[in-house]
Amino acid sequence: MVTSKILHHQELCDHRSMSEVSGVVDETLGKRPLDGQDTLKYRVFASTWNVGGNIPSDDLNLEDWLDTRANTYDIYVLGFQEIVPLNAINVLGPSKRCASTKWNSLIGKTLNRKKTQDGAQLHHTTTNSSAIESFTQQGCFRCIRSKQMVGIFASVWVRSNLRPYIHHLNVSCVGSGIMGYLGNKGSVSVRFLLHETSFCIVCCHLASGGKQGDVLLRNFDAADILARTKFHGDGKKKLPKKILDHDQVVLLGDLNYRISLEEAETRALVKAKNWSTLLENDQLVSEFLTGRLFEGFQEGPVTFSPTYKYQPNSDQYYWCFEAARGEKKRAPAWCDRILWRGKDLKQIQYETCDYKLSDHRPVRAVFYAKCEIRGDADPIGGFIR
């Protein structure tokens with residue numbers, strides 16, 4: 001009965017990607033030795049979101065953001081900025097973990113909601129508790145590592161059946177804010193190896209500001225993060241120590257790059273949805289073209305609206321509203337970006353998501369990540385290419 005239920009569930013999933021279906025099949029199926037070196041391909045979901053110091057409500061629905069209704073992925077890489085307000089108490093005092101705990105709880109419930117429901121349905125058809133537990137855990141997601149530094153928070157989730165193949169987890173934090181070292185700006189980086197391929201996830205919050213010369217501060221922050229981030233080895237295996245040493249790198253966050261035009265002109269172009277002209281004057285695009293920074297990194301085509309600065313709980317940009325006395329109406333910009341590096345990493349989606357919690361919109365991307373495996377590896381969890 002259990003086998004029939006699982007196979008029926010697999011048939012219902014035939015229209016989905018092979019990667020998603022592989023998370024439904026029993027772990028004892030599909031194991032076979034591979035001759036020599038081979039590769040597996042995984043689907044990776046990555047997203048960055050500056051939440052503006054807002055703690056999420058208990059009923060905040062994250063299904064649209066994490067795309068769990070229509071799709072599922074093998075790895076979720078999530079980066080937040082300003083999960084706490086960047087005031088003196090939070091910057092200089094001990095980190096408050098309640099916000100990161102709340103976000104992780106909501107993420108876990110969202111990623112595992114459907115599998116929990118499927119397990120509950122299976123419970124009505126069998127009294128075999130071990131079979132129910134095995135089915136429920138198969139395809140569930142686990143947080144392999146999360147880390148908060150003041151307002152920067154990185155959280156990495158993987159399918160449970162991938163966890164045995166993930167090793168050498170490590171974290172490195174770099175503060176580049178006040179006095180060049182405090183954590184109101186900087187990065188949290190998570191490193192891990194999946195099979196024999198090394199991944200580095202870099203969640204950044206770079207220097208803000210729209211004045212002339214502020215772009216140089218952002219460049220300095222980015223270069224500082226690349227230079228100072230360091231991972232420890234284990235003495236037995238030669239491991240990558242720096243960000244650029246890894247096979248596959250995803251760098252995401254509130255990079256804060258603005259548009260180098262007069263604010264009035266920027267607003268007019270945003271009203272006209274003239275993204276091409278705006279992007280010609282985008283500071284990050286200029287850095288790519290000149291080769292001053294982010295050598296070897298790529299970014300997908302930007303086809304979405306500027307992600308900053310919105311009036312919270314609104315579809316309108318901040319400059320459309322009456323500002324408080326002395327408060328500057330900042331022009332829109334693509335502050336929130338996702339970059340990647342690595343020959344076996346391929347971006348297949350890049351877009352924004354319509355959540356109005358803060359003055360930033362979340363940005364997300366989907367990748368195919370190809371991983372090298374040893375000859376005795378188990379192909380469950382990915383699909384052979």
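None of the values given here were measured: they were computed from a predicted structure.
Salt-bridge check for Lys237 with Glu196: passed, with a basic side-chain N closer than 4.0 Å to an acidic carboxylate O. Ion pairing of Arg361 with Asp315 is present here, as a side-chain N (NZ or NE/NH1/NH2) and a carboxylate O approach within less than 4.0 Å. Of the charged side-chain nitrogens involved, at least one lies within less than 4.0 Å of a carboxylate oxygen, so that Arg113 and Glu63 count as a salt-bridged pair. Salt bridge Asp67/Arg69: absent, no basic N to carboxylate O contact under 4.0 Å.
Side chains of Trp275 and Thr303 form no contact here, defined as non-hydrogen atoms less than 4.5 Å apart. The closest side-chain heavy-atom distance from Thr307 to Asp254 is not below 4.5 Å. Between Pro332 and Glu263 there is no side-chain heavy-atom pair separated by less than 4.5 Å.
Judged purely by distance below 3.5 Å, without hydrogens or angles, the side chains of Ser155 and Trp103 never pair a donor atom with an acceptor atom. Between Arg163 and Asn161, the side chains place no donor N or O within less than 3.5 Å of an acceptor N or O (distance only, hydrogens not considered). Asp224 and Ser176 share no side-chain donor-acceptor pair at under 3.5 Å. Using modelled atom types, one finds a donor on one side chain and an acceptor on the other under 3.5 Å when comparing Asn274 with Ser276. Between the side chains of Gln349 and Glu351, at least one donor-acceptor pair of N or O atoms lies under 3.5 Å. A donor and an acceptor atom, one from each side chain of Tyr42 and His195, are located under 3.5 Å apart. Inspection of the Thr101 and Asn104 side chains reveals no N or O donor paired with an N or O acceptor under 3.5 Å.
Note on ring orientation: taking the six-membered ring where Trp is involved, the planes of Phe367 and Trp340 are perpendicular (angle over 60°, cut-offs 30° and 60°).
Residue pairs satisfying the side-chain hydrogen bond (donor to acceptor under 3.5 Å, both in side chains) criterion with at least one member in residues 238-253, sequence neighbours excluded, are listed as follows: Ser198-Asp247.
Between the Arg159 side chain and the Cys140 main chain, no donor and acceptor come within less than 3.5 Å of each other. Using a distance-only test at 3.5 Å, with no hydrogens or angles considered, a donor-acceptor pair links the side chain of Gln148 to the main chain of Val150. The main-chain N or O of Asn87 is never found under 3.5 Å from a side-chain atom of Asn90 such that the two would form a donor-acceptor pair.
Counting Ile, Leu, Val, Met, Phe, Trp and Tyr side chains that sit under 4.5 Å apart, directly or through other members, Phe288 shares a hydrophobic cluster with Val174, Val202, Leu206, Val215, Leu216, Ile225, Leu226, Ile243, Leu244, Val249, Leu251, Leu255, Tyr257, Leu284, Leu293, Phe294, Phe297, Leu339.
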